[in-house]
Amino acid sequence: MSVVDRINGFARKVPTWAVYILYILPAPYFFYLALTGGLGPDPVKPLEHEYGEIALQLLIIGLCITPLRQYFGLNLIKFRRTFGVLAFTYVTLHLLVWAVLDVQSINRVVEDIIKRPYITIGMAGFLLLLPLALTSNNWSVRRLGPKWRQLHKLTYVAVILGGVHYIWLVKGIQLEPLIYMAVILGLLALRLRPRKRASAAA
Amino acid sequence: MAHRWTNTLTLNDATPRDVFLNRRQLIAGAAAGVGLVALAGQARAQDAALEPNSYEDITQYNNYYEFGTGKTDPAANAHTLTTSPWEVQIDGMVDKPGAYAMADIMDAMTIEERIYRFRCVEAWSMVIPWNGFELADLLDMAGVQSGAKYVAFETALRPDEMPGVRFPVLDWPYVEGLRLDEAMHPLTIMATGIYGKDIPNQNGAPMRLVVPWKYGFKSIKSIVRITLTDQEPPTSWNKANAREYGFYSNVNPEVSHPRWSQASERVVGGGLFAKRQPTLMFNGYEEEVASLYEGMDLKANF
């Protein structure tokens, strides 16, 4: 049995709820750290950034699933929605920490969304993910049919907005957000290539 | 001459140790599930009295990009900086240009304590009990010539000792500048200590500028060169992004950073539920420094 078969066999046995539980744990963990001084003396920003970064990582994991099947035959498709919903959860937590604990004023939240382009972009990313989160259920998949796939390609736009939001928010030129953006663009570029490898071999 | 300016804040304003510890216990208690409402009330109460941050906050939460862009990077990495011996080149329009040994500077200066508000351009703030001397005294030592209008400063650039300079976050070395009248103002100091101890490397050892009415990035660290000039000198953040960072960079709640409001600030050490505090004009030093900018459009000269 090849490694790929073994991973596929293992993945079949892992229930999606296990992945939900595993990946939701960092949320209360970082909140606990922020509360107890583990994130330093100015805990709001680091907590905000942790949630945002995890959201971006989960979106990227989601983008990896199709290429992993295409290029390596790994079948993790059943987890794709799980990672998508988790990503949306962390984006929402990121937004809540920013609005409630950091900005602390509805007027200023609105003002920031309108006046500050990097926040406008982040907010646009969140709004694009909203219909995707709402349709991440079996009923919607059946109901929307082929339109569901089309709709969920909005992830590509949302993840680019997330990457730009990150590059834009740091001071000066920093390496980490640029690496994230390179990975995002790389994963999207894979999708531009011919879909079926068989046709290339033929 | 020293002691030209007297603190309105004294060490008596510092958090007493038992209150400080009690606060920690409260936070731990809240985390254990006792409830968050009490904590939020506690955080609000703290804002009423302005108090210096703990030594730990001041020395573990730093922006010093030569040692990394994370807030804890400088404390982790700056120990590699050799600060003794140290020389400061003072040149340009001065009567006695040359390399001044740090030890000689310290012998000539009167060290005093200044408890200042410190406001970062990133909209967080601290209160820091500095030890140091007025920049005016150092400049007098070198003899400022009559045509000089500006003072330029430069931070050490040592790739072997500064892991952060491998990546061009900024155009190294870090440079800053002040108008001569700003530099000569009695509030402007060279800090060489914090809480009565030698200033730690991550805070800009052995000598850094502190200009309390300007955003923190103006207060350049680990200075190796001071140049008197008649031209407005280039400054690092202005070179990196002129739209966001002006030469003056006076703390001003009415002039937003293009990416965030400067109307209020997070007080470092207040905890997760601390209420933002309104930012004061010139960081609370309006009475002392507003006259320097009389007739100037502070929105245009941000």
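Just so it is clear: chains get the letters A, B, ... in the order the sequence lines come, proteins before strands, and each one is counted from 1. The figures here come from the full heavy-atom set of this structure, side chains too, leaving out hydrogens, waters and symmetry mates.
Here the straight-line distance linking atom CD1 of A/Ile173 with atom CG of B/Asn241 works out to 10.0 Å at 0.5 Å rounding. The CZ atom of A/Arg116 lies 4.0 Å from the OG atom of B/Ser256; values are rounded to the nearest 0.5 Å.
The number of heavy atoms from other shown groups lying within 6.0 Å of NZ (A/Lys147) does not exceed 12. By the 6.0 Å contact criterion, CG on A/Leu25 is enclosed, its count of non-hydrogen atoms from other residues, nucleotides or ligands being greater than 12.
Proximity to chain B (any heavy atom under 4.5 Å) is restricted, for A/Val170, to the backbone atoms N, CA, C and O. Of the two parts of A/Val103, only the backbone, made up of N, CA, C and O, holds a non-hydrogen atom closer than 4.5 Å to a non-hydrogen atom of chain B. Residue B/Glu244 does not touch chain A at all, counting heavy-atom pairs closer than 4.5 Å. Contacts between A/Leu47 and chain B at a heavy-atom distance below 4.5 Å involve the side chain alone, from C-beta outward. Looking at A/Gln104, only its side chain comes within 4.5 Å of chain B, counting heavy atoms on both sides.
When all heavy atoms of B/Leu272 and A/Val44 are compared, the pair lying nearest together is O-CG2, 3.6 Å. Residues B/Gly271 and A/Pro43 share a closest heavy-atom pair of C-CG, 3.8 Å.
With B/Trp237 as the aromatic partner, A/Lys171 meets the cation-pi criteria of under 6.0 angstrom to the ring centre and within 45 degrees of the ring axis.
The candidate from B/Pro168, B/Ala263, B/Ala240, B/Ser261 with the greatest count of non-hydrogen atom pairs under 4.5 Å with chain A is B/Ser261. For the set B/Leu170, B/Thr72, B/Thr69, B/Asn63, the count of heavy-atom pairs under 4.5 angstrom toward chain A peaks at B/Thr69.
Residues A/Arg108 and B/Ser264 bring a donor and an acceptor atom of their side chains to less than 3.5 Å of each other.
Inter-residue side-chain proximity for A/Lys115 and B/Pro258 is flagged as unmet; no heavy-atom pair is nearer than 4.5 Å. Side-chain atoms of A/Ile119 and B/Trp260, non-hydrogen and from C-beta on, never get closer than 4.5 Å to each other.
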What do the steps show when you test A/Lys45 against B/Arg266 for side-chain contact (heavy atoms from CB on, under 4.5 Å), and what is the final call?
CA-CA 10 Å; A/Lys45 274 289 161 191; B/Arg266 293 188 316 279; 2.9 Å; yes
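With respect to the salt-bridge test (charged N to carboxylate O, under 4.0 angstrom), the residues B/Lys71 and A/Asp42 do not qualify.
Looking only at distances, a side-chain donor or acceptor of B/Arg259 sits under 3.5 Å from a matching main-chain atom of A/Leu169.
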